[in-house]
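Please read these numbers as outputs of a predicted model, since none were measured by experiment. Every chain is numbered from 1 and lettered A, B, ... according to where its sequence line falls, protein lines coming before strand lines.
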Amino acid sequence: DAGVIQSPRHEVTEMGQEVTLRCKPISGHDYLFWYRQTMMRGLELLIYFNNNVPIDDSGMPEDRFSAKMPNASFSTLKIQPSEPRDSAVYFCASSKGQGHTGELFFGEGSRLTVL
Amino acid sequence: AQTVTQSQPEMSVQEAETVTLSCTYDTSENNYYLFWYKQPPSRQMILVIRQEAYKQQNATENRFSVNFQKAAKSFSLKISDSQLGDTAMYFCPPKLVFGKGTKLTVNP
C-alpha cells in the first residue's frame, strides 16, 4: 500500500515567492496533519483536518500560512510570501479514527529552503 | 494543553548495551494513548511502540519496552541490545505534541 505522499521533496526559493507543498494521505484515513520541523523548535503541529474540515489551526504561525483540504485525497500548505525563517522540513501525516489514539503515518517530508 | 518533556536532548550508547530514554508529559485526559516514534537520518518517522493509558501492563515490542507510570505521567523507553540502526531521533508525543525529541547515537 502506498504511504503518505508529499511533494516536492526539496524546494529552494527566494524570499517573497509563493510556496505550495502538497500531500496525499493514505486512502481511508480521515485525519490529516501538517507539521514543521526545525532544530530550534523541534516538530510542531501547524494544523489538522478531520474529514477535510480544519479542526485546529492554532499552530499556524501567521497569516502568510494557509492550508486547504479540498477532498479526502489531497491537501496543500501554502506560504505566501515566503521568508528565510520559514526554512524547515514540513511533514504531512494521516491517521484513521481519533487522531490522538491512532498511529500517525508520516510522509517523507518536504525540505524548504528560503534564500 | 498537552506538553511533553524529554530531558535528555542527546544520548549515546555502545552497540549491544541497554539504554533508557525518559519522557514526562502532561494531559488533562483520562483515557489516552502514548507513543514512541523513531526518526532515523532518512527523516522517515516510524512508530516504535504504543501504550494504552488504561492498561497497567507495560508494552513490549521485541527489544523495545516501556516503563509507564501513569500517576507520575512518565513514559520511558528502554532499548535492549542496541543496534547501529537504532541511531535516530526519538519522540514521545502525548496526543499530537512532538517537541524536540532525544537524539540517540549507537556507537560501534
Could you check whether atom [atom1] of [X] has more than 12 heavy atoms from other residues, nucleotides or ligands sitting under 6.0 Å from it?
X	atom1	value
B:Q57	CD	no
B:K73	NZ	yes
A:D63	CG	no
A:K24	NZ	no
B:K103	NZ	no
A:E14	CD	no

Is it the backbone or the side chain of [X] that comes under 4.5 Å from a heavy atom of chain B, or both, or neither?
X	value
A:E44	neither
A:R41	backbone
A:F91	side chain

Region of B:E52 in contact with chain A, defined by heavy-atom distances below 4.5 Å: neither
A:Y35 to B:L96 - nearest heavy-atom pair and separation: OH-O, 2.8 Å
Atom of B:R50, atom of A:E103 and distance for their closest heavy-atom approach: NH1-N, 3.6 Å
Spacing of A:Q37 atom CD and B:R43 atom CZ [to the nearest 0.5 Å]: 9.0 Å
Verify same cluster id: A:F65, A:Y48 (apolar side-chain graph, 4.5 Å): no
B:F64-B:F68 co-clustered via ILVMFWY side chain contacts under 4.5 Å: yes
4.5 Å side-chain heavy-atom contact, A:L43 and B:M45: yes
4.5 Å side-chain heavy-atom contact, B:Y37 and A:L104: yes
Full working for ring pair (Phe, Tyr, Trp, His ring centres under 6.0 Å) between A:F106 and B:F98: CA-CA 13 Å; A:F106 283 79; B:F98 275 71; 5.6 Å; yes
Backbone of A:M40 reached by a side-chain donor or acceptor of B:K100 within 3.5 Å: yes
